[in-house]
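Reviewing the structure listed below.
Convention: sequence-line order gives letters A, B, ...; per-chain numbering from 1.
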2 protein chains.
Amino acid sequence: MVRLKDIAARAGVSIMTVSKALRDEPDVSDATKTRMKLLAREMGYVPDSTAQGLRNRTTKLFGLVIPSLANPIFARLVLAIQERAHELGYDVLLGYTLHNPEREETCIRRFLSRRVDGLFLSPVYRLETEARVYQELLARKTPAVILGHTAPFCSQFANVATDDLTAGHVLTQHLVQLGHKRIAFLGGPPATPWTRERFEGYRRALRQAGLEVDEKLIFQAGRTAEDGAKAAVQMINEGSDATAIQAVNDLVAAGCAEVLLRQSVKIPEDISVVGFGNSMLSEYFRVPLTTMNQPKHRLGAAAVDSMLQLLRGNRPEAKRLTAQLVIRASSGTPPATSVLERLKTLRT
Amino acid sequence: MVRLKDIAARAGVSIMTVSKALRDEPDVSDATKTRMKLLAREMGYVPDSTAQGLRNRTTKLFGLVIPSLANPIFARLVLAIQERAHELGYDVLLGYTLHNPEREETCIRRFLSRRVDGLFLSPVYRLETEARVYQELLARKTPAVILGHTAPFCSQFANVATDDLTAGHVLTQHLVQLGHKRIAFLGGPPATPWTRERFEGYRRALRQAGLEVDEKLIFQAGRTAEDGAKAAVQMINEGSDATAIQAVNDLVAAGCAEVLLRQSVKIPEDISVVGFGNSMLSEYFRVPLTTMNQPKHRLGAAAVDSMLQLLRGNRPEAKRLTAQLVIRASSGTPPATSVLERLKTLRT
DNA sequence: AGCAGCAGTTTAATGGTTTCCATAAATGTC
DNA sequence: GACATTTATGGAAACCATTAAACTGCTGCT
């Protein structure tokens, strides 16, 4: 491995001269500069970022902590962040929490130990109002941008999120306008702000339409296709009278719809199903899903912008980006009577 | 930020004592060790990996260079590699080539500059027999594992790949057994070994069945859904007499099938369509796709194993993992006459 | 003479670890 | 019991690759 001193020895100058020449500092003659650069290239010199980082106290490294790549939304988000970071000369360390707080903590600590210049965090949401790592991040003044909504334990941080409240509202409104009066809601983990906001949007849209929010129509599903499938089974067993299902994300919607289709329930003729996110899944799903498009690329770009603000010492404002309704084949006018009810009576 | 010297000053001992104590070196008494550890925890000490890396000449860092996360197969592969690496105490730097050789080169160089302990590379395949960066990697003896097949320009490297030849063969055989005689092949970029192998498997299966390989049935698509869609349009325009379509991956298959379905072509009654990879897309696609399951998790684990071998100074053997046929709804017995032909005559 | 500017060099610092050395206690030897 | 030898414990200096800051001659200008 070639080092500065090797070049210096070979050229018969001091290490500093080489260092300055390669970095185009002013007090080296142009002749020397070109000579050093040529020599460096010829010898295959690659600067050691490790040493540079130690000396300069900056690593040009970001840490990116996400639940996993199982959710396709994150794949796009990571792509966007990575893309902008790369342009700016930053590299990105990837870490998975797998929705596990301990795991999240070890990831963050490792990244701190690597002296990352900043952290992008998709937090594992908890009900507690405090989380030690997050407290420490604040104490250390580590630049950090929350990918998603803040919660009490991370309220002090900069963040970038989808306006899930409005988005949930728009989606429910869409179903209401189609004539649905009994709309089921499949929620995600209760501690997550995105579930809460999307639910609140749903609630408000119903209220606005003069419809009651019925506890029997609220299901706690989760975030995976399996969770959606389970919820579907439960709805069938209960003989729910819903004519439409609003799922907290595309995966849950797909898992739910899959079960219904297997029971020969027709979508959207018998029941409407809508998702959230506009992942590739929703586009190519058996019945293309009506959904809200999460502005994945814009979220990533905005997150990097906020990070740059933090690095400059400014306090970026919280950003909320709007999602767009994407109407596909899975939503339509309600049937005369709920199909799930019929399914139940058929069985008994 | 707390450093060793701060702890040393506070405890009234030398830096070395603290360093050794924290690392459980033998020549420090247990009493001192616990005292130092307590103090370190209390003061919130986080070791500086940058400095450790500089001194120890090892960073516990892997570089992972992939085309992008647009292909869901890579999301799983990255997850698997990351998972094993994390357990072993390594962190992972992620870089995207976007199928661009220059971009690939800058990614690799950056990672080299960061003194990564090893590289996982999903190469941008080229027809040239040499690529400078890869030559340099060899010269520097950087531990590197190719994710996928080797090509002439990277034949010297360790690699981990799916046995695409056999897999392609199995898939075509499946269609032949269903009774298909006119099977179209939608290839990916010609320079890629995976296209070549899957095609070769297709060719051999046809030969074995006594069927001819007809140039008119070979299409050069690409790797995205859009590429698949274009190929479908071309097939329709040409009035192809194919009764089955074997696509080089799930995305191409989905894009192609989507166009056909829009033309009211029924899958699999009118035409069979099979993909490759068993991504989530194939499972939830409008017509669940028959496909080959790429052992994504095992590929990742095998790649990390090879890397560990390299780090120990051994030369790992090349690994080829077998894919499994996953039969879903998109493949069936052929129709009496090709539908695409009929579509064409209908139009004219 | 005094001062600015050029083209470098020397020194010190970044934070931690390896290698070698120093001290004292424990053990061994006759 | 006196001395050598070993062992336990800890410290000093060098080192990893790079860079900021201060410094050294030297030339040219006023």
Side-chain angles (χ1 to χ4, degrees), chain A residues 1-37 39-40 43-61 89 109-117 140 142, chain B residues 1-37 39-40 43-61 89 109-117 140 142:
Chain A
M1 195 119 305
V2 184
R3 298 175 207 85
L4 277 185
K5 66 172 179 191
D6 301 320
I7 303 178
R10 180 88 169 273
V13 297
S14 85
I15 292 179
M16 275 318 296
T17 306
V18 187
S19 174
K20 287 181 180 173
L22 294 182
R23 280 176 302 131
D24 265 331
E25 290 250 318
D27 51 357
V28 176
S29 68
D30 285 347
T32 314
K33 277 183 187 171
T34 49
R35 198 157 58 93
M36 293 305 134
K37 286 179 184 170
L39 206 52
M43 297 173 71
Y45 171 70
V46 179
D48 186 324
S49 315
T50 307
Q52 288 179 324
L54 183 59
R55 178 66 240 231
N56 296 339
R57 323 221 28 70
T58 165
T59 51
K60 285 287 204 172
L61 209 53
R109 282 193 199 289
R110 278 201 192 181
F111 290 171
L112 285 178
S113 162
R114 292 206 185 270
R115 298 294 186 261
V116 293
D117 289 345
R140 286 169 190 281
T142 307
Chain B
M1 195 121 303
V2 183
R3 300 181 203 79
L4 276 187
K5 65 174 178 191
D6 301 320
I7 303 179
R10 180 85 171 274
V13 297
S14 85
I15 291 180
M16 276 318 299
T17 307
V18 187
S19 172
K20 286 178 182 172
L22 294 183
R23 279 175 303 129
D24 263 333
E25 290 248 318
D27 51 356
V28 175
S29 69
D30 284 348
T32 316
K33 277 184 187 171
T34 49
R35 198 158 57 92
M36 293 304 133
K37 286 179 184 169
L39 206 52
M43 297 173 70
Y45 172 69
V46 178
D48 186 324
S49 316
T50 308
Q52 289 177 323
L54 183 61
R55 176 67 238 230
N56 295 341
R57 326 218 31 67
T58 165
T59 50
K60 284 288 203 172
L61 208 54
R109 280 191 200 292
R110 278 200 193 182
F111 290 172
L112 285 179
S113 164
R114 292 206 184 269
R115 297 296 186 263
V116 293
D117 289 346
R140 287 169 189 279
T142 306

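- Applying the salt bridge (Lys or Arg N to Asp or Glu O under 4.0 Å) test to A/K33 and every residue at least two apart in sequence or in another chain returns A/D24.
- In this structure, the CD1 atom of B/I15 is 11 Å from the C1' atom of C/dT17, given to the nearest Å.
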How far apart are the C-alpha atoms of A/D48 and A/T50, what are their side-chain angles, what is the distance that settles it, and do they pass the side chain to side chain donor-acceptor pair (under 3.5 Å) test? CA-CA 5 Å; A/D48 186 324; A/T50 307; 3.2 Å; yes
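- Proximity of B/S29 to the phosphate of D/dA8: no side-chain N or O atom is located under 4.0 Å from OP1 or OP2.
- Taking side-chain N and O atoms only, B/Y45 has no distance below 4.0 Å to OP1 or OP2 of C/dG15.
- Between A/R114 atom CZ and C/dT14 atom P the separation is 22 Å, expressed in whole Å.
- Applying the 4.0 Å criterion to OP1 and OP2 of C/dT14, one finds that A/R115 has every side-chain N and O outside that range.
- B/S29 is linked by a side-chain hydrogen bond (donor to acceptor under 3.5 Å, both in side chains) to B/T32, counting only residues two or more places apart in sequence or in another chain.
- Between A/V28 and A/M36 there is no side-chain heavy-atom pair separated by less than 4.5 Å.
- Rounding to whole angstrom units, CG of residue A/L22 and P of C/dA7 are separated by 17 Å.
- When heavy atoms are screened at a 4.0 angstrom cut-off, A/P26 is found touching no nucleic acid atom at all.
- In this structure B/D117 satisfies the salt bridge (Lys or Arg N to Asp or Glu O under 4.0 Å) test with no other residue, sequence neighbours excluded.
- Listed by residue number, A/V13, A/S14 are the residues of residues 4-14 of chain A with a heavy-atom contact under 4.0 Å to DNA chain C.
- If you take CZ of A/R35 and C1' of C/dA7, they are 12 Å apart, rounded to a whole angstrom.
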Starting at the 5' end of nucleotides 20-28 of chain D, put B wherever the base has a protein heavy atom under 4.0 Å, S where only the sugar-phosphate does, and a dash everywhere else. B-B------
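- Checking D/dG10, C/dG8, C/dG15 against every side-chain atom of A/L54, the shortest atom distance belongs to C/dG15.
- For the pair B/T32 and D/dG10, the criterion of a side-chain N or O lying under 4.0 Å from OP1 or OP2 is met.
- At the heavy-atom level, A/T50 lies nowhere under 4.0 Å from the strands shown.
- Residues A/R115 and B/V46 meet the side-chain proximity criterion, which asks for heavy atoms closer than 4.5 Å.
- For the OP1/OP2 pair of C/dT17 and a distance below 4.0 Å, the side-chain nitrogens and oxygens of B/Q52 include at least one atom meeting the criterion.
- The distance from atom CG of A/D48 to atom P of C/dT14 is 18 Å, rounded to the nearest whole Å.
- In this structure, A/D30 places its CG atom 10 Å from P of C/dG8, rounding to the nearest Å.
- The nearest whole Å value for the distance from the CZ atom in A/R3 to the C1' atom in D/dA17 is 8 Å.
- In this structure A/L4 satisfies the side chain to side chain contact (heavy atoms under 4.5 Å, CB included) test together with A/I15, A/V18, A/S19, A/L22, A/Y45, sequence neighbours excluded.
- Partners of A/R10 according to the side chain to side chain contact (heavy atoms under 4.5 Å, CB included) rule, which considers only residues two or more places apart in sequence or in another chain, are A/L39, A/E42, A/M43.
- With sequence neighbours left out, B/K60 forms a salt bridge (Lys or Arg N to Asp or Glu O under 4.0 Å) with no residue at all.
- Put simply, CE on A/M36 is 12 Å from C1' on C/dA7, counting in whole angstrom units.
- Taking the salt bridge (Lys or Arg N to Asp or Glu O under 4.0 Å) definition, one finds that A/R140 meets it with nothing, sequence neighbours left out.
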